[in-house]
Amino acid sequence: MKMNDIQDLKKALSSPKNIVIIPHKNPDGDAIGSTLGLYHYLNKFDHNVKVIAPNDYPEFLKWMPGEETIVKFDSDKETAISLIDKADFIFTLDFNSFNRIDEMKPYLEAINATFAMIDHHQQPDDYATYMYSDVSMSSTCQMVYHFIEQMNDLEKIDKDIATCLYAGILTDTGGSFRFPSTTSVTHRVVADLIDKGANNSEIHNALYDTNSLSRLQLLGCALKNLVVLKEYNTVYITLTKSELQQYDFKKGDTEGFVNYGLSLKGIKVAIIFIENQAEDYIKISFRSKGSFSVNEFARNYFNGGGHTNAAGGRSDLTMDETINYFKRVIEKYKPQLQQNEEHTL
Ligand code: 5GP
Ligand code: MN
């Protein structure tokens, strides 16, 4: 966000407003952390603020301060639509295209509110009056911190805001500040969030150490299904509906599974294909190391997108057909995936 935009926005928010904050569908830690962080910040003024999520999210996110106030569009349409209709201001966080909010899209297209976007995904659509888009950022949570900083309000960050933002930065950097988007600035932000009350150890515990036995067993099943395509330095995992059923799948249970593939020595691309339980499609997560862009790959072949090293997509074919199609399209990248990339350690 340019400085003059910030001054404009500050002016626009200087009188009480009805504000709605929206994360993407199937919200992750960064989406919930950033929307709630911004929610707690804007609530310090005389605004009427609500977070509306397109749908539900996993249990391991249901401890964040303010989480109980989130309205879920798919299960509480009446409340959600009346809030959207009354909104003067809509903040869209951690996504940059209305396609990422599914059923909410027509309602946002129909209203006459002012839109503000805070997001770190590539190729943003042009719908927001105030646009803070930066693909180099570790997370939308880090951007909310910088947004508050630009509003000259860092001293307003309390324990609740710090906790939500810390949780989103942690999850979006791969659970341990591991992705290359983690910079010295990210660490300075995180240090300040700890100073302002975020309890790093408790947050880590709440996010990662609340496994059920069936979830660990589902992970065992996923790891057994892992296939290595040696000549492409690529691995993939499949999970079928019946496997999910067998291990009592709950939303969020497969979060992070794809990263295990990347932990194999020399592997550059890891993919997980998961059959959706309710509808007939396959949800795909892509992760990479180095210059191979899974954003481009997901955009070109799997109706998705995201970041260079982490993206998502979908397939409407069967599992077998999807894997065959995937093997055909990855073929083109063989030379690139076989190249040695320099390391600087
Ligand atoms: P995940 O694999 O964890 O669902 O998503 C990885 C990253 O890609 C996240 O930043 C997520 O927001 C983004 N992403 C996931 N699915 C899609 C999609 O269908 N389209 C786009 N543009 N981004 C996606
Ligand atoms: Mn994010």
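Every heavy atom of this structure was used, including side-chain atoms; hydrogens, water molecules and symmetry mates were not. Read the numbers this way: they start at 1 and go in the same order the structure lists the ligands and their atoms.
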Thinking salt bridges, do Arg328 and Glu331 make one under a 4.0 Å N-O criterion? no
Where the side chain of Asp76 meets the backbone of Val71, is there a donor-acceptor pair that is under 3.5 Å apart? no
Under 4.0 Å between heavy atoms, the region of Arg287 that gets near ligand 1 turns out to be side chain
Return yes if some donor-acceptor pair links the side-chain N/O of Asn18 with the main-chain N/O of Asp88 below 3.5 Å, else return no. no
Counting C-beta onward and ignoring hydrogens, is there a side-chain heavy-atom pair between Asp119 and Tyr132 closer than 4.5 Å? no
Could you list which atoms of ligand 1 come closer than 4.0 Å to a heavy atom of His307? 10 (O)
Could you please give the number of protein N/O/S atoms within less than 2.8 Å of the Mn ion (ligand 2)? 4
Taking Ser288's backbone N and O only, do any of them form a donor-acceptor pair with Asn309's side chain (distance below 3.5 Å, no angle check)? yes
Under 3.5 Å between any N/O of Lys283 and any N/O of ligand 1: does that happen in this structure? yes
Quick test of your reading of the model: are Asp248 and Lys250 salt-bridged, counting only N-O distances below 4.0 Å? yes
Taking only heavy atoms of Gly305, which atoms of ligand 1 are found under 4.0 Å from at least one of them? 8 (O), 13 (C), 14 (N), 17 (C), 18 (C), 20 (N), 21 (C), 22 (N), 23 (N), 24 (C)
What atoms of ligand 1 come within less than 4.0 Å of a heavy atom belonging to Ser285? 1 (P), 2 (O), 4 (O)
Protein contact to atom 16 (N) of ligand 1 [nearest heavy atom, distance to 0.1 Å]: Gly312 CA, 3.3 Å
Before accepting this row, confirm whether a basic side-chain N of the pair Lys62/Asp56 lies closer than 4.0 Å to the acidic partner's carboxylate O. yes
Any Gln122 heavy atom less than 4.0 Å from ligand 1: no
With the threshold set at 4.0 Å, does a side-chain nitrogen-carboxylate oxygen contact exist between Glu103 and Lys25? no
If I apply the N/O under 3.5 Å rule, does Arg100 come out as touching ligand 1? yes
Under 4.0 Å from a heavy atom of Gly306: which atoms of ligand 1 are those, numbered in the order shown and with their elements? 8 (O), 13 (C), 21 (C), 22 (N), 23 (N)
Would you please determine whether His121 falls within less than 4.0 Å of ligand 1 on a heavy-atom basis? yes
Do me a favour and list the nearest non-hydrogen protein atom to atom 7 (C) of ligand 1 with residue, atom name and distance? Ala310 O, 3.6 Å
In terms of heavy-atom contacts, does OH of Tyr260 have more than 12 from other residues, nucleotides or ligands at under 6.0 Å? no
Check contact between Arg314 and ligand 1, using heavy atoms of the residue and a distance below 4.0 angstrom. no
For atom 8 (O) of ligand 1, what's the nearest protein heavy atom and its distance? Ala311 CA, 3.3 Å
Is the terminal nitrogen or CZ of Lys156 (NZ for Lys, CZ for Arg) located under 6.0 angstrom from the six-membered ring centre of Tyr41 and within 45° of that ring's axis? no
I'd like to know if Asp94 pairs up with Arg100 as an ion pair, taking the criterion as any Lys NZ or Arg NE/NH1/NH2 lying under 4.0 Å from an Asp or Glu carboxylate oxygen. no
Look only at the side chain of His40 and the backbone of Ile161, and say whether a donor-acceptor pair between them is shorter than 3.5 Å. no
Of the protein's non-hydrogen atoms, which lies at the shortest distance from atom 19 (O) of ligand 1, and what is that distance? Gly304 CA, 3.6 Å
Stacked cation flag Lys334 on Tyr232, 6.0 angstrom / 45 deg: yes
